[in-house]
2 protein chains.
Amino acid sequence: MPETPRRADRPSAPRYGNRPTMKDVAARAGVGLKTVSRVVNGESGVTPETERRVQEAIDALGFRRNDSARVLRKGRTASVGLVLEDLADPFYGPLSRAVEEVARAHGALLINGSSAEDPDREQELALALCARRVDGLVIIPAGDDHRYLEPEIKAGVATVFVDRPAGGIDADCVLSDNFGGARQGVAHLVAHGHRRIGFIGDMPRIHTASERLRGYRTAMEDAGIAVEDAWMSLGATDPARVRRAAEEMLSGPSPVTAVFSGNNRVTVTVIRVLAEQSRRVALVAFDDLELADLLQPGVTVVAQDAAAIGRTAADRLFRQLDGALLLPERIELPTRLIARGSGELPPAD
Amino acid sequence: MPETPRRADRPSAPRYGNRPTMKDVAARAGVGLKTVSRVVNGESGVTPETERRVQEAIDALGFRRNDSARVLRKGRTASVGLVLEDLADPFYGPLSRAVEEVARAHGALLINGSSAEDPDREQELALALCARRVDGLVIIPAGDDHRYLEPEIKAGVATVFVDRPAGGIDADCVLSDNFGGARQGVAHLVAHGHRRIGFIGDMPRIHTASERLRGYRTAMEDAGIAVEDAWMSLGATDPARVRRAAEEMLSGPSPVTAVFSGNNRVTVTVIRVLAEQSRRVALVAFDDLELADLLQPGVTVVAQDAAAIGRTAADRLFRQLDGALLLPERIELPTRLIARGSGELPPAD
DNA sequence: CTGAAAGCGCTTACAG
DNA sequence: CTGAAAGCGCTTACAG
């Protein structure tokens, strides 16, 4: 029975949707496969004349080396993964860009993924990236159990955690001084005469949220102020929740005269609520905002340097990959208090 | 001569840095390679007992399928590339996230890259992504010649341009109505009594910049106003350049009474400069800003929906990949004028 | 239900 | 200076 002719019967013709390979180039140039490989990779040991012929075939065929195949053979993929919470959050843009730049300097591409603050999705993403055999992984954890990564790390995947430490495993992490920054910010409010100070933060299971709350508590304790439960609110950072929280601590029998906002998502809503109040309420916010200095009053913030965090994490990742067998380390980056007016308002009563 | 023993001599043991393969799993479970493949991919036709043995071997070895190898065989990589200007720019975060979400719905990962507004880097990035054999490419062009992509597109790489059209090739693109938006914004200023209106935009070779300038010119013409050269300034969006441009058109013999800002990078600097002026200068800005409504006065903007743009582009990309052989199309998304105060200020003279 | 062989497109280790 | 063979870790197309 005669075979049905297939498109594959024309092995050296570039078929639509099927890309030319080194084999096609070799056939057209009348040379061996290895010679094509030499030209494509700029290796020495090819006559100028041979090189010209190969190059001609490459151009005519529109050949581009398939890096997937290359990678399969070489072992390293020259790509790193970044799992973060939400690329649309202004904190992660600069962080991601910084990681990208370091990766680029090392010839690597960056695969981004958003966990949407969902631990399952974080795991799914991180493991999908491992299946793609990224050389390394920068993770902003959503979950608090990362033992699922143990086989991957043992297999050689470089890993650095950012913004929050890993759970259940020993790994590098790069953090801001959340505790110290919050403590300093709250102390700043105390220094300006406040005693009833509110704290609105993210969900308590998130490391940064709990650390910043701890900073708040410590600063209050330092000042000898007994904190009332009604002054603290942790939870989701959606506008509705934050608005409710702010309005509650601003009303009632002992309303706060100042608010410490736990992160940039919270801050945008708190600013809106404070603008609606009849009396002036002081504000210090964790995380800087682009137009914070142009508001009236300017927003006093405890700023983190997202780009520096990303850069530090990526540097560390490539140090791991370069074989500097470093012990896992916890790197804490300082925050910076920037006084702009809102944090220097005196108590309204 | 006896061979030197190598680590590879223990083929079924998971070596550090060398990951276990299906072959290792097969050996350990005492089954064939194809059976492992069946279990890993959840295919039918495996006895529960066999499946259990294979699963045990997988867990014991810490096996994870190498998707690079899989991809090489299957043809599609289930990944798409996104080349944008700068991930740290607040316009691109939501756009990128939207592309990611659509990709995720189609089971694909997203590789991000920043061109830094450099045409050479755009090309380098786009071609590197093609070498990785991404299935599709979303590109926010930095350059204006994209013929370098012709072989890739012919070879089947789906391609959608965003924010600016492709140059030299016929390809899908998704744009905002830059001309119409700018025209409407400037007309808004005219309607509030302004005649000397300045325009500060990005470099003229950038499509959005020239289109918005055209919208400005048309609105002025519509109003019968002769535009003076000194009222228009196009160039890099760094603060120093924008500040100089703004200060120049605000001084001199016929200073402008209103400014139309060409994009979000320009706007942040213009707001700063205007805040320093002794007289009130009206402002309408292309692109929304997070705290724009909280400034005093609120900033009137012509808003684009970055997420909708990203979503539309990604949808189109996957429609191409799904084989809907569509003709290249130019999709224009409407903008929205949001009046907040700064655009409704009357002329100061 | 199960598996051996061939092949995806490259690179590596050799040999000429 | 050049190239044939083997192999990276999977899947495909068959055969039993």
Side-chain angles (χ1 to χ4, degrees), chain A residues 1 3-4 6-9 11-12 14-15 17-27 29-54 58 61 63-78 130-133 155-156, chain B residues 3-4 6 8 11-12 14-15 17-27 29-54 58 61 63-78 130-133 155:
Chain A
M1 208 161 72
E3 264 188 64
T4 312
R6 284 168 303 175
R7 315 190 64 180
D9 287 342
S12 65
R15 294 132 282 167
N18 274 12
R19 310 201 50 147
T21 69
M22 282 194 180
K23 207 171 140 196
D24 299 324
V25 174
V31 300
L33 202 56
K34 178 61 194 166
T35 298
V36 176
S37 174
R38 285 198 182 89
V39 172
V40 168
N41 295 302
E43 289 168 25
S44 61
V46 183
T47 334
E49 161 58 14
T50 308
E51 176 166 0
R52 197 189 49 71
R53 287 221 316 282
V54 171
I58 289 176
L61 260 26
F63 168 80
R64 182 166 312 286
R65 183 181 63 197
N66 184 332
D67 278 354
S68 301
R70 171 170 225 244
V71 139
L72 178 59
R73 201 48 245 253
K74 299 210 81 151
R76 279 203 178 174
T77 58
C130 290
R132 297 296 177 106
R133 294 294 187 267
Chain B
E3 263 188 62
T4 313
R6 282 167 305 173
S12 65
R15 294 133 280 167
N18 276 11
R19 311 200 51 145
T21 70
M22 283 195 180
K23 207 172 141 195
D24 298 325
V25 174
V31 301
L33 203 55
K34 177 61 194 166
T35 299
V36 177
S37 175
R38 285 199 181 88
V39 172
V40 168
N41 295 302
E43 289 167 26
S44 63
V46 183
T47 334
E49 161 58 13
T50 309
E51 175 166 0
R52 197 190 48 71
R53 286 222 317 280
V54 171
I58 288 176
L61 259 27
F63 168 80
R64 182 166 312 285
R65 183 182 62 197
N66 183 334
D67 278 354
S68 300
R70 169 169 226 242
V71 139
L72 179 60
R73 202 47 246 252
K74 299 209 83 151
R76 277 203 181 174
T77 58
C130 290
R132 297 295 177 107
R133 294 294 185 267

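Just the heavy atoms: all of them, side chains too, but no hydrogens, waters or symmetry mates, feed the values below. Labels below follow one simple rule: chain letters A, B, ... track the order of the sequence lines, proteins then strands, and each chain is numbered from 1.
One finds no side-chain N or O of A:Lys23 lying less than 4.0 angstrom from the OP1 or OP2 phosphate oxygen of C:dC10. An OP1 or OP2 oxygen of D:dT2 is reached within less than 4.0 angstrom by no side-chain nitrogen or oxygen of A:Thr35. Side-chain nitrogen and oxygen atoms of A:Lys34 include none within less than 4.0 Å of the OP1 or OP2 phosphate oxygen of C:dT12. Taking only side-chain nitrogens and oxygens, B:Ser37 never comes nearer than 4.0 Å to OP1 or OP2 of D:dC10. In terms of phosphate contacts, A:Asn41 brings a side-chain nitrogen or oxygen within less than 4.0 Å of OP1 or OP2 of C:dT11. Distances shown here put a side-chain N or O of A:Thr50 below 4.0 Å from the OP1 or OP2 atom of D:dT2.
Between A:Ser44 and B:Arg64, it is A:Ser44 whose nearest contact on DNA chain D lies nearer the 5' terminus.
Atom P of nucleotide C:dT11 and atom CG of A:Leu33 are separated by 9 Å, given to the nearest angstrom. Per the geometry, CD1 belonging to A:Ile58 stands 10 Å off P belonging to C:dC10, to the nearest Å. Rounded to an integer number of Å, the gap from A:Asp24 CG to C:dG7 P is 15 Å. Put simply, CZ on B:Arg19 is 12 Å from C1' on D:dG9, counting in whole angstrom units. For the pair B:Arg52 CZ and C:dC1 P, the computed distance is 17 Å after rounding to whole Å. Atoms CE (A:Met22) and P (D:dG3) sit 14 Å apart, rounded to a whole Å. Note: CZ (B:Arg132) to C1' (C:dG9) measures 15 Å, nearest angstrom. Straight-line distance from the CD atom of B:Glu43 to the P atom of D:dC10: 14 Å, rounded to whole Å.
Side-chain proximity of A:Leu72 to D:dC8, C:dT2, C:dT11: nearest is D:dC8. Taking the side chain of A:Arg133 as heavy atoms from C-beta on, and the options D:dC10, C:dT12, C:dT2, the nearest nucleotide is D:dC10. Nearest to the side chain of B:Thr47, among C:dG9, C:dT11, C:dC1, sits C:dC1.
Looking only at distances, a side-chain donor or acceptor of B:Asp24 sits under 3.5 Å from a matching main-chain atom of B:Thr21. Side chain of B:Arg53 to main chain of B:Ala29: a donor-acceptor pair is present (N/O by atom type, distance under 3.5 Å, no hydrogens or angles). Distance alone, capped at 3.5 Å, is enough to place a donor-acceptor pair between the B:Thr77 side chain and the B:Arg133 backbone.
A:Arg38 comes within 4.0 angstrom of a nucleotide base, judged by non-hydrogen atoms across all strands. The residue B:Val40 sits apart from the nucleic acid: no heavy atom pair falls under 4.0 Å. Residue B:Ser68 is out of contact with every strand shown, counting any heavy-atom pair closer than 4.0 Å.
Between A:Pro48 and A:Glu51 there is no side-chain heavy-atom pair separated by less than 4.5 Å.
Between the side chains of B:Arg132 and A:Asn66, no donor-acceptor pair is found at a separation under 3.5 Å.
In this structure, D:dT2 and C:dA15 make a Watson-Crick or G-U wobble pair, each of the two defining distances being under 3.5 angstrom.
Within 3.5 Å, no donor on the side chain of A:Arg73 pairs with an acceptor on the base of C:dG9, nor the reverse.
Contact detail for B:Arg38 and B:Val46: the closest heavy-atom pair is CB-CG2, 3.7 Å.
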